[in-house]
Amino acid sequence: TKPKAATAGYTDGDYLVGEDMPPGTYQTSGAQAGLFELCSITTDPTDSSVMPQWKTGNKDERIIITITAKDRLVSINGCEPLTRRK
């Protein structure tokens with residue numbers, strides 16, 4: 001099953017841009033509390049002229065990332081929910 005975005009945000013998983021997650025600017029408050037406390041957000045673009053993004057943060061270290069339609073896939077691991085910035 002594909003992960004679903006709750007009203008509280010996107011949790012760990014892989015999301016197709018434009019299908020599971022709309023393009024936009026998102027933020028997380030950082031890593032979830034636990035053993036490793038490392039949050040990572042990566043993108044896998046469809047266009048070879050677009051560089052993949054890789055953002056990491058520790059607990060209480062805010063991450064802001066802008067997702068475009070060319071990013072194709074967003075992977076979230078170990079993060080507090082990723083929410084859309086207003």
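The structure displayed is predicted, hence computed values, not measured ones.
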Derivation of the side-chain contact (heavy atoms from CB on, under 4.5 Å) call for Ile41 and Thr28: CA-CA 10 Å; Ile41 303 168; Thr28 177; 4.0 Å; yes

Tell me, which pairs form a ring pair (Phe, Tyr, Trp, His ring centres under 6.0 Å) where one or both residues lie in residues 21-42, sequence neighbours left out? Tyr10-Tyr26

Heavy-atom check, side chain of Met21 versus side chain of Leu82, under 4.5 Å: yes

Is there side-chain contact between Gln27 and Ile63, with heavy atoms separated by less than 4.5 Å? no

Non-neighbouring partners of Pro45 that pass side chain to side chain contact (heavy atoms under 4.5 Å, CB included), sequence neighbours left out: Thr43, Val50, Pro52, Asp71

According to side chain to side chain donor-acceptor pair (under 3.5 Å), who are the partners of Asn77, at least two apart in sequence or on a separate chain? none

Return each pair, listed once, that meets salt bridge (Lys or Arg N to Asp or Glu O under 4.0 Å) where at least one residue sits in residues 26-52; pairs must be two or more places apart or across chains. Asp44-Arg72, Asp47-Lys70

For Ser75, the side chain to side chain donor-acceptor pair (under 3.5 Å) test, sequence neighbours excluded, returns Asp14

Taking side chain to side chain donor-acceptor pair (under 3.5 Å) as the definition, give me every residue that meets it alongside Thr66, ordered by chain and number, with sequence neighbours left out. Thr25

If you compare all heavy atoms of Val17 against all heavy atoms of Ala69, which two are closest, and at what distance to 0.1 Å? CG1-CA, 4.0 Å

Can you list every ring pair (Phe, Tyr, Trp, His ring centres under 6.0 Å) pair that touches residues 60-86, not counting sequence neighbours? none

Where do Ala31 and Gly57 come nearest, in terms of heavy atoms and distance? CB-O, 3.9 Å

Show every disulfide (SG to SG under 2.5 Å) that has at least one partner inside residues 32-86, sequence neighbours left out. Cys39-Cys79

Side-chain contact test, heavy atoms from C-beta onward, threshold under 4.5 Å: evaluate it for Val74 versus Thr42 and give yes or no. no

Residues at least two apart in sequence or cross-chain that pass salt bridge (charged side-chain N to carboxylate O under 4.0 Å, His left out) with Lys59, listed by chain then number, are none

All pairs passing salt bridge (Lys or Arg N to Asp or Glu O under 4.0 Å) where residues 77-86 contributes a residue, at least two apart: none

Roughly how far apart are Tyr15 OH and Ile76 CD1, rounded to 0.5 Å? 5.0 Å

Quick one: are Leu38 and Thr56 in side-chain contact, heavy atoms under 4.5 Å? yes

